Amino acid sequence: MHNKFYVTTPIYYVNDKPHIGHAYATISADVLARYHRFLGHEVHFLTGTDEHGSKVAESAAKAGQTPQEFCDITSGHFQMVWDRLDISNNDFIRTTEERHKQGVAFILNRLKEVGAIYESEYEGLYCSGCEKFITEKDLVSGECPDHKKKPELIKEKNYFFKLSNYLPQVEKLIDEGKIKVHPESRRREVMGLFKQELNDFSVSREHVKWGIPVPFDVSQVIYVWVDALSNYITALGYGQADDVAFKKFWPADLHIIGKDILKFHCVYWPAMLIAADIEVPKNIFITGYFTIDGQKMSKTIGNIIDPNELVSQFGSDPARYLLLCQFPFGADGDIKAENFVLQYNSDLANGIGNLVSRVTAMAEKYFGGAVPEQDDELKEPVAAIWQSYQEGLANFQIDKAIEGIKKTVTLADGYIDKNKPWELAKTDRAKLAKVIYNLSELIRHLGLMVYPIMPETSVKILNTVGKADFTNYHLSDLNHWGLLNPGDKINKSEALFPRIQ
RNA sequence: CGCGGGGUAGAGCAGUUGGCAGCUCGGCGGGCCCAUAACCCGCAGGUCGCCGGUUCGAGUCCGGCCCCCGCAACCA
């Protein structure tokens, strides 16, 4: 079963609008999904929205909507932006869907049956104005700042998950690499968590109304983590009548997550799966965080960038590229909004776009748009680039793929400058034919490399050399040298990425 | 002393086992004229967060300190 690939993004909380952090995680998953499809693997790519909890209910009330109406609208924002970004997900799970509710109820029952869940009491400060528990830190001179009331100390009955029972097994799985946590620095962070106190966690709430009822106690609602994490299997049909997809695709080959939810995915989730006797995910990749102009992204600072704006300004492919090229996959990085224009112009317009334009223009000008005789002068360097490109993506290093694309462009520009085709046109037609062949074939490779990251551009590039129809091929059929044949038609490319300003 | 990540050129980042500090963008100067005023070559720019230690030699190893970030409001 090594030719399937199941990749997930976090499910995004609907109490927020999509921002570039969400987009970064989702685009990354999309790149890997597209790459694996291109390898010929059977890919299942899941994303979705997390829709329960008191915050959602509050926001809905503020907006004068029912929680479900509110969720429909905000979940729609995510679906729309993924559509605009050409995200190729196979499924979109919403935690308010019936299939998910069924699956979660099944899981909770199962955890109860195996004795992983026990009843206990949660004690906390409760504000009747907020209708929720608040912490001491929230208090202003002993009162709830929103309602100017003293919260009462109350106890509520809750169900808890016996995390401690499973911690040694989870630690062992991660230590032995059965669950691979990437990058390495994050793996160390997770191993550090086991040395600290990790408490059993509550899986239900009595006062929250907007949620999935606990199947064995309807006075309670299932609390966030069991609800949210389970999406990765409920979407595949786990706990439902039709679980074919679950049998086929689980365990996940890759969960992509943000660092804020590392503990839940690397500790709680495997523990729940072990308790329920379900296989654990193979890889968990923690993405870095953007800071903007050195500052953390936040609503209060107001520096949040809407991915829709990027698409409107640059188009879908460039938006994808610009987000991915900021820093190595897995690292944090700072960005400046003004840099997007600079990078667009240098990498895309001057780099990829201009190269395709100059090569196809020369092919047309010197050989009437037909591929001249074959040659393999650039065969070796291209093979080397492919190797690091593929090794990189096999380890989820999207930055290596981008590096390969840049190297290919640099190789081609340098090759043109070295050989000066405009001089060969006057002095040495035979040599010119070889140079143009090498460049045309190189463009074809560039088109293939670009595919996972910029799918539309890939087709445009491959169209110029008449090789855009690759639906029935795998990458391994296409990424070796010499597939362009003498006489193949080359079409002069229009500007792929018009310069901005 | 809670745990973990990080501080390297104007900006964003690489730096494997300690051995002449690199990449991309931006700036400056040259070249070219096929191409989207694009491309190629060269130059400038760094007390590698601070202090101390080990060493023939430290961005890298050790100790201490400062600052930023995540775990821990909203949130990938």
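Predicted model, so just to flag it, every value in this text is computed and none were measured. We name chains A, B, ... by the order of the sequence lines, and we start the count at 1 in each one.
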For the residue pair A:Tyr166 and A:Phe161, categorise the inter-ring angle as parallel (less than 30°), tilted (30 to 60°) or perpendicular (more than 60°).
parallel
Relative to each other, are the rings of A:His265 and A:Trp225 parallel, tilted or perpendicular (30° and 60° limits)?
perpendicular
So what does A:Asn339 touch, heavy atoms closer than 4.0 Å: a base, only the sugar-phosphate, or nothing?
sugar-phosphate
With rounding to the closest Å, how many angstrom separate the C1' atoms on B:C61 and B:G15?
16 Å
Please state the P separation for the pair B:C66 and B:C56 - nearest whole angstrom.
32 Å
Set out, line by line, the N/O atom pairs under 3.5 Å between protein and nucleotides 5-10 of chain B.
{"residue": "B:G5", "atom": "OP1", "partner": "A:Arg188", "partner atom": "NE", "Å": "3.3"}

[X] [atom1] to [N] [atom2]: how many Å, rounded?
{"X": "A:Ile20", "N": "B:C75", "atom1": "CD1", "atom2": "P", "answer": "17 Å"}
{"X": "A:Asp413", "N": "B:U36", "atom1": "CG", "atom2": "C1'", "answer": "12 Å"}
{"X": "A:Leu46", "N": "B:A76", "atom1": "CG", "atom2": "C1'", "answer": "16 Å"}
{"X": "A:Asp399", "N": "B:C23", "atom1": "CG", "atom2": "C1'", "answer": "13 Å"}
{"X": "A:Trp82", "N": "B:A76", "atom1": "CH2", "atom2": "P", "answer": "10 Å"}
{"X": "A:Phe497", "N": "B:A35", "atom1": "CZ", "atom2": "C1'", "answer": "16 Å"}
{"X": "A:Trp422", "N": "B:G31", "atom1": "CH2", "atom2": "P", "answer": "15 Å"}
{"X": "A:Ile286", "N": "B:C71", "atom1": "CD1", "atom2": "P", "answer": "14 Å"}

Does anything in residues 330-362 of chain A form a ring pair (Phe, Tyr, Trp, His ring centres under 6.0 Å)? List the pairs, not counting sequence neighbours.
A:Phe314-A:Tyr344
Donor-acceptor pair between [X] and [Y] side chains, under 3.5 angstrom:
{"X": "A:Gln313", "Y": "A:Glu309", "result": "no"}
{"X": "A:Ser312", "Y": "A:Arg84", "result": "yes"}
{"X": "A:Thr95", "Y": "A:His100", "result": "no"}

Please list, in numerical order, the residues of [range] that have a heavy atom closer than 4.0 Å to any atom of RNA chain B.
{"range": "residues 347-366 of chain A", "answer": "A:Ala349, A:Asn350, A:Gly353, A:Asn354, A:Ser357, A:Arg358, A:Ala361, A:Met362, A:Lys365, A:Tyr366"}
{"range": "residues 254-265 of chain A", "answer": "A:Ile257, A:Gly258, A:Lys259, A:Asp260, A:Ile261, A:Phe264"}
{"range": "residues 312-323 of chain A", "answer": "none"}
{"range": "residues 459-467 of chain A", "answer": "none"}

The residue among A:Asp86, A:Leu85, A:Ile453 that forms side-chain contact (heavy atoms from CB on, under 4.5 Å) with A:Ile27 is A:Leu85
By nearest heavy atom, map A:Glu423 and A:Arg499 onto RNA chain B; which one lands nearer the 5' end?
A:Glu423
List for me each residue that meets side-chain hydrogen bond (donor to acceptor under 3.5 Å, both in side chains) alongside [X], sequence neighbours excluded, and say none if there are none.
{"X": "A:Thr360", "answer": "none"}
{"X": "A:Lys259", "answer": "A:Asp332"}
{"X": "A:Thr74", "answer": "none"}
{"X": "A:Trp386", "answer": "A:His445"}

Paired stems touching RNA chain B, three or more consecutive Watson-Crick or G-U pairs with both distances under 3.5 Å?
B:2-7 with B:66-71, B:10-13 with B:22-25, B:27-31 with B:39-43, B:49-53 with B:61-65
Under the rule for ring pair (Phe, Tyr, Trp, His ring centres under 6.0 Å), what residues qualify as partners of A:His36, not counting sequence neighbours?
A:Phe5, A:His41
Can you tell me if A:Asp317 uses its side chain to pair, donor with acceptor, with the backbone of A:Glu456 under 3.5 Å?
yes
So, is A:Lys55 close to the B:C74 phosphate, meaning a side-chain N or O under 4.0 Å from OP1 or OP2?
yes
